[in-house]
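First comes the structure, then the notes that go with it.
Both counts, for ligands and for their atoms, begin at 1 and track the order of listing.
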Amino acid sequence: MTTIPEHERVRLEAVARDDLPLEELIARRLRGEPLQYIEGTAAFGPLDLLVDERVLIPRPETEGMFDLATRMVRSPEVIVDLCTGSGALALALKSRFPSAAVFATDISHDAVEVATDNRYRTGLQVYLAEGDLFDPLPTAILGTVDLIVANPPYVAEVDFDSLPADVQWEPKVALVSGPTGLEVIQRIGASAASWLRPGGVVICEIGEKQGVSATSSFMDLPAIVRQDLTGRDRYIVAVKP
Ligand SMILES: C[S@@+](CC[C@H](N)C(=O)[O-])C[C@H]1O[C@@H](n2cnc3c(N)ncnc32)[C@H](O)[C@@H]1O
């Protein structure tokens, strides 16, 4: 990038201060730093969340998962958000379903710190825990969960270098899952059924070419692939019988 578009300049002007001059912000953007990291915030559904290099910038596709989830469940009592990052899905779901108990986990200490800041910023009381997928969840909710959402890392190690430059600013742990890209999805698929109550729903974001292989990862559940607003395969959805 050699110049920045006018609409980005306007946004950077709004962030500039005496101790953070516009020229410095433009230089950061020209080096490829995502606009939202420079601004320090990103919109997600009804919320405006803090973001920085410790977390993935929440995406429109994930807002699509939030919308899908709110259409699929009525009055959930227990919600789990795996791989919560900035806390986007957990906090948006808590704001939509205030009486639900919302549990969110992330393996990254940095991400849990940002999610904790966002919990404070929004005043939404969700349970946040650092650890691997379901491990930090209280066993008392086994078999009781109404809704599991997850936007896991799903890029294959070999594909990381070909991601767009601004995406490579984001944490690798948020993007890369392992040699095939399916590793984390497969582990979610293997355990989701035991945490759901009968009739409970799991929705997992996937890469657009992962529909067939990701569906077979949810072996204990009748999983289907759903598309995003642009028609790409982006979500695995399953309801526990
Ligand atoms: C694609 S980001 C999604 C963040 C957020 N849910 C969103 O949609 O904006 C994936 C997140 O998963 C976390 N993560 C990666 N491996 C994990 C694991 N085994 N258990 C829990 N979290 C994990 C990363 O730290 C990162 O925050």
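Set against the non-hydrogen atoms of Gly131, the atoms of ligand 1 under 4.0 Å away are 20 (N), 21 (C). Less than 4.0 angstrom separates some heavy atom of Gly85 from each of these atoms of ligand 1: 4 (C), 27 (O). Those atoms of ligand 1 with a heavy atom of Ser108 less than 4.0 angstrom away are 25 (O). Applying the 4.0 Å criterion to heavy atoms of Thr62 picks out, from ligand 1, the atoms 8 (O).
Polar contact check, Asp81 against ligand 1: no nitrogen or oxygen pair lies under 3.5 Å apart.
Between Lys209 and Asp233, none of the side-chain N atoms (NZ, or NE/NH1/NH2) sits under 4.0 Å from a carboxylate O, so this pair counts as no salt bridge. With salt bridges taken as basic N to acidic carboxylate O contacts below 4.0 Å, one links Arg59 and Glu170. Electrostatic pairing of Lys172 and Glu157 counts as a salt bridge here, judged by a charged N lying under 4.0 Å from a carboxylate O. For Glu113 and Arg54, the salt-bridge test passes: some basic side-chain N is under 4.0 Å from an acidic carboxylate O.
At the top of the distance list for atom 6 (N) of ligand 1, counting protein heavy atoms only, stands Cys83 O, 2.8 Å. Among all non-hydrogen protein atoms, the one lying nearest atom 19 (N) of ligand 1 is Asp132 OD1, 2.7 Å. Annotation: atom 8 (O) of ligand 1 to nearest protein heavy atom, Asn151 ND2, 2.9 Å. Among protein heavy atoms, atom 25 (O) of ligand 1 sits closest to Asp106 OD1, 2.6 Å. Ranking protein heavy atoms by distance to atom 9 (O) of ligand 1, first place goes to Pro58 CA, 3.6 Å. Nearest protein neighbour of atom 15 (C) of ligand 1, counting heavy atoms only, is Val173 O, 3.3 Å. In terms of protein heavy-atom proximity, atom 1 (C) of ligand 1 is nearest to Ala174 O, 3.0 Å. Nearest to atom 23 (C) of ligand 1 among the protein's heavy atoms is Ile107 CG2, 3.5 Å.
With a 4.0 Å heavy-atom cut-off, ligand 1 is reached by no atom of Leu175. At a 4.0 Å heavy-atom cut-off, ligand 1 does not touch Arg59 at all.
Side-chain atoms of Pro152 and Cys204, non-hydrogen and from C-beta on, do get closer than 4.5 Å to each other. Phe103 has its side chain out of reach of Val126: every pair of non-hydrogen atoms, C-beta onward, lies at least 4.5 Å apart. Residues Leu22 and Glu13 form a side-chain contact, since some pair of their non-hydrogen atoms from C-beta on lies under 4.5 Å apart.
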* Asked: Should Thr105 and Leu128 be marked as a side chain to side chain contact (heavy atoms under 4.5 Å, CB included) after you check the CA-CA gap, both sets of side-chain angles, and the distance that decides it?
  -> CA-CA 6 Å; Thr105 72; Leu128 293 169; over 6 Å; no

* To do: Check the pair Asn151 / Thr62 against side chain to side chain donor-acceptor pair (under 3.5 Å), numbers first and verdict last.
  => CA-CA 7 Å; Asn151 177 18; Thr62 310; 3.2 Å; yes

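The closest approach between any non-hydrogen atom of Leu133 and ligand 1 is below 4.0 Å. A heavy-atom separation below 4.0 Å is found between Arg187 and ligand 1. The closest approach between a heavy atom of Gly87 and any atom of ligand 1 is not below 4.0 Å.
Applying the side-chain hydrogen bond (donor to acceptor under 3.5 Å, both in side chains) criterion to Asp19, with sequence neighbours excluded, gives Arg17.
Between the side chains of Ser108 and Asp110, no donor-acceptor pair of N or O atoms lies under 3.5 Å.
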